[in-house]
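Okay, so here's the structure we're looking at.
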Number of protein chains: 2
Amino acid sequence: MNARRATIADVARQAGVAASTASVVFSGKTAVSEATRSRVLAAAAELGYAGPDPRAASLRLGRSGVVGVVIGDRLRAAFRDPVTTIMLDGLAEGVAERGSGLLLLRDDESGGAALPAAPADAFVLIGCSTRLRSDLEVLQRRGVPVVVVEGDAGEGIPRIRLDNHDAQAVIARHVRELGHRRVVVVALPVGGGHSRGWFDPQSVSQITVDVTRERLEGALEVFEDARVYAAGASFIDEGYSAGRAVLTAPGERPTAILAQSDVLAAGIIRAVHDAGLRVPEDVSVTGFDGVSVDGVAPLTLTTMVQPAAEKGRAAGIAVSAMLEGVAPPDILLTSVFRPGNTTGPVSSDVAPGA
Amino acid sequence: MNARRATIADVARQAGVAASTASVVFSGKTAVSEATRSRVLAAAAELGYAGPDPRAASLRLGRSGVVGVVIGDRLRAAFRDPVTTIMLDGLAEGVAERGSGLLLLRDDESGGAALPAAPADAFVLIGCSTRLRSDLEVLQRRGVPVVVVEGDAGEGIPRIRLDNHDAQAVIARHVRELGHRRVVVVALPVGGGHSRGWFDPQSVSQITVDVTRERLEGALEVFEDARVYAAGASFIDEGYSAGRAVLTAPGERPTAILAQSDVLAAGIIRAVHDAGLRVPEDVSVTGFDGVSVDGVAPLTLTTMVQPAAEKGRAAGIAVSAMLEGVAPPDILLTSVFRPGNTTGPVSSDVAPGA
DNA sequence: TTGTACGCGTTATCAA
DNA sequence: TTGATAACGCGTACAA
């Protein structure tokens, strides 16, 4: 450990050249004679010079080659969620073309690196919360490109969106065509301080989480009087407890449960089985996302397959465009219906509704 | 869009104070009179100043609040691998205490941000390859803390390790006690340009991937004459193709297959079923990792559960310590045997080996 | 092909 | 409590 780290100036002095010459040797921007070149390299080796300091370089160049990714409250939740994981994968791919790395950030107030202080050239927000709005303004003022995936960050910010409303309506219609009329929607978290529990469908427009609201609106378009139970998170266990709550609630048991995610659906199916009922004979269950979830086998979930990797890739491409100074368009991706064997016709031996 | 972004100097001028005073207003390092404070803030608002530029700040301060994470060749593989995912989760938690973000880097030559040029205060390497060695030297020369998880990066670099050898021996012994003698190990990639296929156990010491070598050595300690088939990656599909290759190979069919990961085991089980055989009656299968893998249900994998999240957390803590100037000790984490129903005694109706 | 001069935007130090 | 000064380490016009 030297008292001070060697800088390019030290190397230049040692090699008997100007600092700018040494700089050029490392960047390769200008031709350098082989003689000086090797002298500089030798000096660098001798001094243990590790190449240009990225911090200084990024100040000088005005960019750091880093794209910030802001994910939900907790990284662990994001990692645990297969859809986010796949999306990040696509994003990494999209960003890699520029040679950029991905800086993972939480939008957590406490402890996490403050968003405006994060050294990134651009930011991708995933399902952003309202809490982010103020940070976003700061970034925009600074002129840092921002792209939002599945969320609304306000005007002027490009969005990568999914056809949540229509997709949920498609699968709801499938259920309706099977004859189901008593339906419960198990929703993703609705935000706004509301934790898990029954949710009044009248308040749907107040839901702050875009994904949840859009999918719910799609379902309610088909089943106007569906009841809605909001889960606390998109975990199998949450789906399980939601399923139990739904099946043990007073009143008539639903013949179909529409989950807003495959993960929730997996938990719901377990709850149905635990209640001594069969899927789909007694209760039909649908998912959303099209990811393979553990615990569903040997059943195959009837679900909407969303292009998760494509979402990330699109975001990466949008970011690249903005860094080039081009304004990217909003992008709307569509989901595809995938039939499975967790839905079936209303069986006649179930007592019809009053 | 102004021609130029406002800087702290602009704000200071507008407020009629020195730049250093304005700086202090934002950093809060020194007391400032309320009058000047509000003048500076007003000027900042007027000019649309977004706070100190993180690039300049990090040059000046000598740190960026970023911890680099180097994962395997492909980010997508890392994300897809449940163990890595869980580990990253733990790592995020470990570094969050310092308020650092996580910069994901590939050790891929092409495309990714070059390791030495990545603007991070410290680095965590996951299962590093030999290719990294030179980059590592550079980082160490620069004085950047480096921690290695499951890999050897050379002397002086703290390691977070798993008891791969012993753990694999434990589960192998379990299989041996069930009476199995004809055993095949399906290994993780062995590196060194060797792709999927049969691998000569004599060459075990030449395997460059530490995890693979250590687990293999553990297995060979118990089953000296086990045959070894190397998978191309830790995917279910790779396990499947390995399973097919193993079951259709000339010579006697093994009564047990030891997979080096749960994911591989899941694929192997499918291959066994496809071959018209039963698990565990005809073939016993073991995994490694203890993550829940899709496609195994309703069976429960007999496996070694490794503390994946703990690995990440330990790495985060080690990094924090190094940034404080404290040398952290090497850490060895241990795995726990978890019995399932994918292993059973050698059934008597299978013809014994010659 | 090489060197000079300057600025990128910030903050620590010290003196006032 | 405030201000002047000097780095932090680098890249790039431009001139030689």
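Small disclaimer: the values here were computed from a predicted structure and weren't measured. Each chain gets a letter, A, B and so on, in the order the sequences are listed, and its residues count up from 1.
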Below 3.5 Å is the cut-off: list the nitrogen or oxygen pairs between protein and nucleotides 14-16 of chain D, distance only.
none

task = Evaluate the side-chain proximity of B/F123 to B/V319: yes if any heavy-atom separation is below 4.5 Å, no if none is.
result = no

message = For A/S23 and A/S20, which I'm curious about, is there any donor-acceptor pair between the side chains at under 3.5 Å?
response = no

query = Can A/S64 and A/D121 be counted as having a side-chain donor-acceptor contact under 3.5 angstrom?
reply = yes

Which whole-number value in Å describes the distance from [X] [atom1] to [N] [atom2]?
{"X": "A/D53", "N": "D/dC8", "atom1": "CG", "atom2": "C1'", "value": "9 Å"}
{"X": "B/R55", "N": "C/dG9", "atom1": "CZ", "atom2": "P", "value": "9 Å"}
{"X": "B/R37", "N": "D/dT1", "atom1": "CZ", "atom2": "P", "value": "13 Å"}
{"X": "A/D10", "N": "D/dC8", "atom1": "CG", "atom2": "C1'", "value": "13 Å"}
{"X": "B/L47", "N": "C/dG9", "atom1": "CG", "atom2": "P", "value": "14 Å"}

inquiry  = So, applying side-chain contact (heavy atoms from CB on, under 4.5 Å) with B/Y49, which one of B/D10, B/I8, B/L41 is it?
reply    = B/I8

What is the nucleic acid contact for [X], judged by heavy atoms within less than 4.0 Å: base, sugar-phosphate only, or nothing?
{"X": "B/S33", "result": "sugar-phosphate"}
{"X": "A/V32", "result": "sugar-phosphate"}
{"X": "B/T36", "result": "sugar-phosphate"}
{"X": "A/Y49", "result": "sugar-phosphate"}

request  = Might you work through the side-chain contact (heavy atoms from CB on, under 4.5 Å) test for A/V66 and B/V66, ending with a clear yes or no?
outcome  = CA-CA 11 Å; A/V66 170; B/V66 170; over 6 Å; no

message = Please compare B/L59 and B/V17 by the position of their nearest nucleotide in DNA chain D and report the one closer to 5'.
response = B/V17

inquiry  = Counting only heavy atoms not in A/R37 (residues, nucleotides, ligands), do more than 12 fall under 6.0 Å from its CZ?
reply    = no

key: A/R159, CZ atom: more than 12 neighbouring heavy atoms under 6.0 Å   = yes

Proximal nucleotide (of [options]) relative to the [X] side chain:
{"X": "A/A57", "options": "D/dG9, D/dA4, D/dC10", "result": "D/dC10"}
{"X": "B/I8", "options": "D/dT12, C/dT11, D/dC10", "result": "C/dT11"}
{"X": "B/P52", "options": "C/dT11, C/dC8, D/dA4", "result": "C/dT11"}

Nucleotide N/O to protein N/O under 3.5 Å, stretch nucleotides 12-16 of chain C:
from: C/dA12; atom 1: O4'; to: B/R60; atom 2: NH2; distance (Å): 3.1

key: Where B/T36 and B/S33 come nearest, the two heavy atoms and their spacing   = OG1-OG, 2.6 Å

request  = Give a yes or no on whether a salt bridge exists between A/E150 and A/R161, defined as a side-chain N under 4.0 angstrom from a carboxylate O.
outcome  = no

